[in-house]
Amino acid sequence: MASAPSSSALSAGATGAVHLPDTDRDLVKILVAGPFGVGKTTLIDSVSEIRPLHTEEPLSEASARVDDLAGVREKSTTTVAIDFGRISLPGDIVLYLFGTPGQERFRSLWDDIAHGALGALVLVDSRRLDASFDVLGLVEESGLPYAVAFNAFPDAPRHYGEERLRRALDLEPGTPMVTCDARDANSSVDALLALVDHLVGRFPAEAR
């Protein structure tokens with residue numbers, strides 16, 4: 001499977017910076033999307049250079065009756081509005097990361113959260129590919145360019161080839177597809193860089 005450009009030179013979240021310096025920067029809103037329990041909150045936590053904002057609540061018996069916990073039985077909380085973080089990339093690009101709830105019952109929030117976004121990083125769990133279909137449908141309906149990142153869970157199957165996964169998710173040939181570990185800052189930044197490269201490549205050189 002393709003990998004994103006290396007981010008070994010980056011030290012995400014290590015600067016302790018709160019305010020951006022007074023320089024010209026490109027501020028970009030990015031969605032971090034994916035099904036329930038795929039690692040969106042974890043990815044934003046791993047890369048954010050500011051203290052992330054979370055709107056997580058404990059899972060209740062009521063929510064367990066409507067949320068599919070298959071494959072994520074160990075999960076005890078869920079995002080009920082957004083996760084938010086920020087990361088500065090080389091080239092004076094600043095990504096504002098908005099994590100979206102992954103359950104169908106929060107679909108009404110989608111249009112508000114997606115407003116103004118330039119693209120989306122869609123996290124996928126290869127152990128339960130079907131859980132990603134609704135989210136991919138929402139992203140495609142919105143017209144947002146996106147990249148797919150398979151979160152490398154320890155027990156995720158390793159025998160799927162890239163073409164098989166691309167067919168299973170019905171991805172366009174030009175859609176970037178990478179593997180990442182949402183717990184690891186450099187790995188997560190690599191996934192975001194794959195999306196940024198995809199977004200940049202969609203615009204003529206003059207516009208860039």
Side-chain angles (χ1 to χ4, degrees), residues 1-14 30-49 51-52 54-60 63-64 66-80 82-85 87 95 97-104 106 120-136 139 146-171 175-195:
M1 188 178 298
S3 61
S6 173
S7 62
S8 58
L10 295 173
S11 180
I30 296 295
L31 300 187
V32 179
F36 175 63
V38 78
K40 302 180 293 292
T41 299
T42 300
L43 184 142
I44 291 175
D45 272 349
S46 74
V47 302
S48 183
E49 63 195 10
R51 182 178 180 180
H54 297 307
T55 54
E56 287 204 314
E57 294 292 339
L59 285 171
S60 64
S63 65
V66 295
D67 294 332
D68 184 5
L69 300 181
V72 288
R73 291 288 174 185
E74 70 283 358
K75 188 168 174 60
S76 61
T77 61
T78 183
T79 298
V80 295
I82 62 167
D83 294 314
F84 174 77
I87 179 172
L95 302 185
L97 306 175
F98 288 76
T100 63
Q103 298 99 305
E104 176 65 24
F106 294 115
L121 180 68
V122 180
L123 284 179
V124 173
D125 183 349
S126 61
R127 302 171 301 177
R128 46 192 186 101
L129 292 175
D130 58 337
S132 300
F133 295 160
D134 287 344
V135 174
L136 285 167
V139 174
Y146 65 95
V148 169
F150 287 87
N151 194 5
F153 290 95
D155 58 342
R158 310 293 179 185
H159 58 279
Y160 295 146
E162 179 175 352
E163 288 308 312
R164 182 178 175 185
L165 290 170
R166 192 175 288 276
R167 287 196 304 271
L169 296 176
D170 194 25
L171 300 180
T175 302
M177 194 171 75
V178 300
T179 298
C180 77
D181 183 341
R183 302 166 299 179
D184 180 78
N186 283 330
S187 180
S188 297
V189 171
D190 283 346
L192 290 167
L193 286 173
L195 172 61

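These figures come from a predicted structure and were not determined experimentally.
In this structure, the side chains of Ser46 and Val189 stay at 4.5 Å or more apart for every pair of heavy atoms. Looking only at side-chain heavy atoms (C-beta outward), Val178 and Asp190 stay at 4.5 Å or farther from each other. Taking the side chain as every heavy atom from C-beta outward, Arg166 and Thr175 approach each other to under 4.5 Å. Between Val122 and Phe150, every side-chain heavy-atom pair lies at or beyond the 4.5 Å cut-off. Thr100 places none of its side-chain heavy atoms less than 4.5 Å from the side chain of Val135.
Under the 3.5 Å distance criterion, the side-chain polar atoms of Asn151 are left unmatched by any main-chain donor or acceptor of Phe153. Between the side chain of Lys40 and the backbone N or O of Gly34, at least one donor-acceptor pair lies under 3.5 Å.
Atom CG of Asp170 sits about 9.0 Å away from atom CZ of Phe133, to the nearest 0.5 Å.
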- Message: Run the salt bridge (charged side-chain N to carboxylate O under 4.0 Å, His left out) test on Asp155 and Arg127 for me, step by step, so that the C-alpha distance in whole Å, both residues' side-chain angles and the decisive distance to 0.1 Å come before the verdict.
- Response: CA-CA 8 Å; Asp155 58 342; Arg127 302 171 301 177; 2.8 Å; yes
Evaluate the side chain to side chain contact (heavy atoms under 4.5 Å, CB included) criterion for residues Asp125 and Phe36: first the C-alpha distance (whole Å), next the side-chain angles of each, then the deciding distance (0.1 Å), finally the verdict. CA-CA 10 Å; Asp125 183 349; Phe36 175 63; over 6 Å; no
With side chain to side chain contact (heavy atoms under 4.5 Å, CB included) as the test, would you mind laying out the steps for Tyr146 and Leu171 before giving the verdict?
-> CA-CA 10 Å; Tyr146 65 95; Leu171 300 180; 3.6 Å; yes
**Prompt:** Could you walk me through whether Leu31 and Leu121 pass the side chain to side chain contact (heavy atoms under 4.5 Å, CB included) check?
**Reply:** CA-CA 6 Å; Leu31 300 187; Leu121 180 68; over 6 Å; no
_Test side chain to side chain contact (heavy atoms under 4.5 Å, CB included) on Cys180 and Leu123; report intermediate values, then the result._
CA-CA 9 Å; Cys180 77; Leu123 284 179; 4.0 Å; yes
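Scanning all heavy atoms of the two residues, the minimum distance from Leu165 to Met177 falls at CB-CE, 4.1 Å. Gly99 and Ile44 make their closest contact through N-CD1, 3.5 Å (heavy atoms, listed as atom of the first residue, atom of the second, distance).
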